[in-house]
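The structure appears below as structure tokens.
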Amino acid sequence: MKQEKQRKLGCLILFGLLSATAWSESKDHAYTSESVSLGYRVYIDNCALCHGIEGNWIEGVDLSRAQFKTAVTDHDIKGVILEGAAEGRMPRFDLSDDELDGIISYIRIGFDPDGVAVKIGDPVHGATIFRGNGECSSCHRVSGHGPRTAPDLSHVGSNRTPGALSRTLLTPEKALLPINKTVTLVTTAEETFTGRRLNEDTYTVQIIDSTERLRSFKKSDLSLYEISNEPTHKPSELSDEEVADVIAYLLTLRSTR
Ligand code: HEC
Ligand code: HEC
């Protein structure tokens, strides 16, 4: 029975991956650790001379931020590497498919040097852990399912590198982003709210409170507005393998814009 469930879930996710692939001709690479570390080596040997270790030496091109001149898809990047660019100022390279895939993985994970060392496991198993013993779905929302009290992870794979995901899970105190910090508000009427900021400007702040209600406050109506530096996450108690699987799953949660 459990296996049946897992199999169904596997199919669902595979389907998700396939439709993400179909969405553009840019083949969504499985960003395996092997591929990324191969890409890193090939990059250092062939590209860093002109593009710099951080990928931003060439005017108008920042490889680490996926900022190119004409290239859009992975297929385009391959074309640039194989054919050269700018009338030969970038020479053409004769690289194997594995090397090309590696470089593209390295570029697409945002040059995260930590990402090179992050183990990326099995996304299907990762999804099972996310909803099962990892208990992630008891706080996080994905594709419209789950509570709103913690950050929505529906697109986390597009926005975060493997290194950042790994830090969130293993050393959360180093990963806490300002927008994700828990806030405590006390109004001049002495009502207390805790929650997560959705938005803030000079005069107002909007939060999702601990009962999942959206609330908006004028800052002038608050007697206390405190932002906690204490992460909700504790270092994960999952095994290394399980963490690698969860990271692989999170990387599949991509926006298809
Ligand atoms: C000899 C210097 C040189 C080397 C080596 C080099 N590049 Fe470039 N690259 C350039 C220049 C110059 C441009 C800007 C082209 C332009 O202005 O249109 C560029 C542009 C690019 C672009 C953006 C192209 C576009 O049209 O959007 C990509 C992607 C790129 N390089 C990837 C790489 C990769 C990957 C490697 C290593 C395999 C590499 N480059 C090696 C000089 C180099
Ligand atoms: C008790 C509720 C809770 C549980 C359980 C939980 N999280 Fe979180 N998570 C949060 C909160 C709240 C934040 C915002 C940062 C913070 O407070 O630590 C967060 C932040 C994150 C982020 C960073 C989001 C970003 O914008 O970068 C990721 C990724 C994440 N969690 C993944 C997971 C995974 C994977 C699991 C399961 C292994 C999990 N979380 C379990 C509440 C939770």
Side-chain angles (χ1 to χ4, degrees), residues 39 42-52 55 57-64 66-74 76-95 99-100 102-104 106-108 111 126-127 129-142 146-162 164-183 194-197 208 210 227-238 242-243 245-251 253:
V42 179
Y43 180 84
I44 295 297
D45 289 348
N46 296 282
C47 324
L49 181 68
C50 294
H51 286 278
W57 279 4
I58 303 250
E59 182 78 46
V61 178
D62 186 344
L63 299 178
S64 75
Q67 185 193 322
F68 312 121
K69 292 237 160 148
T70 55
V72 178
T73 64
D74 291 0
D76 300 338
I77 302 175
K78 261 188 209 181
V80 171
I81 299 172
L82 291 173
E83 284 153 33
E87 279 123 30
R89 279 191 297 132
M90 171 166 162
R92 49 185 302 275
F93 290 87
D94 192 14
L95 298 174
E99 290 170 329
L100 285 169
I103 287 203
I104 287 164
Y106 183 61
I107 290 176
R108 290 297 189 196
F111 271 49
I129 299 166
F130 190 89
R131 296 187 182 81
N133 62 326
E135 294 177 1
C136 320
S137 55
S138 67
C139 292
H140 287 286
R141 189 173 184 86
V142 172
R148 289 192 172 83
T149 46
D152 187 323
L153 299 181
S154 302
H155 305 309
V156 77
S158 309
N159 307 332
R160 305 282 178 252
T161 61
L165 296 173
S166 159
R167 282 190 292 280
T168 292
L169 296 177
L170 301 176
T171 52
E173 72 286 353
K174 291 188 191 153
L176 190 60
L177 296 168
I179 192 69
N180 287 338
K181 290 180 180 176
T182 304
V183 296
T194 57
R196 198 168 55 76
R197 266 179 308 175
I208 285 266
S210 48
I227 301 171
S228 166
N229 286 316
E230 195 60 37
T232 310
H233 269 240
K234 302 284 167 275
S236 176
E237 285 168 12
L238 297 172
E242 286 174 317
V243 168
D245 293 347
V246 169
I247 291 174
Y249 166 65
L250 294 174
L251 289 171
L253 303 177

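Atoms within a ligand are numbered from 1 in the order they appear, just like the ligands themselves. Residue numbers run from 1 in the order of the sequence given.
For ligand 2, the polar-atom distance check finds an N/O of Arg160 within less than 3.5 Å of one of the ligand's N/O atoms.
At a heavy-atom distance under 4.0 Å, atoms from both the backbone and the side chain of His233 approach ligand 2. If you look at Thr149 next to ligand 2, there are no close heavy atoms at all, none under 4.0 Å. Under 4.0 angstrom from ligand 2, the non-hydrogen atoms of Val246 all belong to its side chain. Proximity of Pro151 to ligand 2, defined as any heavy-atom pair under 4.0 Å, is confined to the side chain (atoms from C-beta onward).
Checking Glu242 against Asn133 by side-chain atom types alone, a donor-acceptor pair falls below 3.5 Å.
Heavy-atom contacts of Cys136 reach the following atoms of ligand 2: 34 (C), 35 (C), 36 (C), 37 (C), 38 (C), 39 (C), 41 (C) (cutoff under 4.0 Å). Shown in contact with Leu176 at under 4.0 Å from a heavy atom are these atoms of ligand 2, numbered in order with element: 15 (C), 16 (C), 17 (O), 18 (O). If you number the atoms of ligand 2 from 1 as listed, the ones under 4.0 Å from a heavy atom of Glu135 come out as 5 (C). Close approach of ligand 2 to Leu165 is summarised as follows: ligand atoms under 4.0 Å from at least one heavy atom of the residue are 29 (C). Distances below 4.0 Å separate heavy atoms of Leu169 from the following atoms of ligand 2: 34 (C), 35 (C). In summary, the atoms of ligand 2 found under 4.0 Å from a heavy atom of Asn180, numbered by their order in the structure, are 14 (C), 15 (C), 17 (O), 24 (C), 25 (C), 26 (O). Residue Ala150 has at least one heavy-atom neighbour below 4.0 Å for each of these atoms of ligand 2: 10 (C), 11 (C), 42 (C). Atoms of ligand 2 lying under 4.0 Å from any heavy atom of Cys139, numbered from 1 in the order shown and given with element: 1 (C), 2 (C), 3 (C), 4 (C), 5 (C), 42 (C), 43 (C).
Looking at heavy atoms from C-beta onward, Ile103 lies out of side-chain contact with Phe93 at the 4.5 angstrom threshold. No side-chain heavy atom of Thr182 sits less than 4.5 Å from a side-chain heavy atom of Glu230. The side-chain heavy atoms of Leu251 and Pro162, taken from C-beta on, include a pair separated by under 4.5 Å.
Under the side-chain hydrogen bond (donor to acceptor under 3.5 Å, both in side chains) criterion, Asn229 pairs with Lys181, not counting sequence neighbours.
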Show the distances, to 0.1 Å, for all pairs joining an N/O atom of ligand 1 and a protein N/O atom that are shorter than 3.5 Å, listing one pair per line.
{"residue": "ligand 1", "atom": "7 (N)", "partner": "His51", "partner atom": "NE2", "Å": "2.8"}
{"residue": "ligand 1", "atom": "9 (N)", "partner": "His51", "partner atom": "NE2", "Å": "2.9"}
{"residue": "ligand 1", "atom": "17 (O)", "partner": "Lys69", "partner atom": "NZ", "Å": "3.0"}
{"residue": "ligand 1", "atom": "26 (O)", "partner": "Thr70", "partner atom": "N", "Å": "3.2"}
{"residue": "ligand 1", "atom": "26 (O)", "partner": "Thr70", "partner atom": "OG1", "Å": "2.5"}
{"residue": "ligand 1", "atom": "27 (O)", "partner": "Lys69", "partner atom": "N", "Å": "2.7"}
{"residue": "ligand 1", "atom": "27 (O)", "partner": "Thr70", "partner atom": "N", "Å": "2.7"}
{"residue": "ligand 1", "atom": "27 (O)", "partner": "Ala71", "partner atom": "N", "Å": "2.9"}
{"residue": "ligand 1", "atom": "31 (N)", "partner": "His51", "partner atom": "NE2", "Å": "2.8"}
{"residue": "ligand 1", "atom": "40 (N)", "partner": "His51", "partner atom": "NE2", "Å": "2.8"}

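The shortest non-hydrogen separation linking Ile208 to Thr149 is CG2-CA, 4.2 Å. Annotation for Thr168 and His233: closest pair O-ND1, 3.6 Å, computed over non-hydrogen atoms. Across every non-hydrogen atom of Cys139 and Ala150, the tightest pair is O-CB, 3.3 Å. Of all heavy-atom pairs spanning Ser137 and Arg131, the tightest one is OG-CA, 3.5 Å.
Atom CG of Asn180 and atom CZ of Arg197 lie 9.0 Å apart (nearest 0.5 Å).
Using a cut-off of 2.8 Å, one finds that His140 contributes an N/O/S atom close to atom 8 (Fe) of ligand 2.
For the side chain to side chain contact (heavy atoms under 4.5 Å, CB included) test with Leu165, the passing option among Val156, Leu170, Leu153 is Val156; the others fail.
Heavy atoms of other residues, nucleotides or ligands lying less than 6.0 angstrom from CG of Asp45 number more than 12. A 6.0 Å sphere centred on CZ of Arg148 holds no more than 12 heavy atoms belonging to other residues, nucleotides or ligands.
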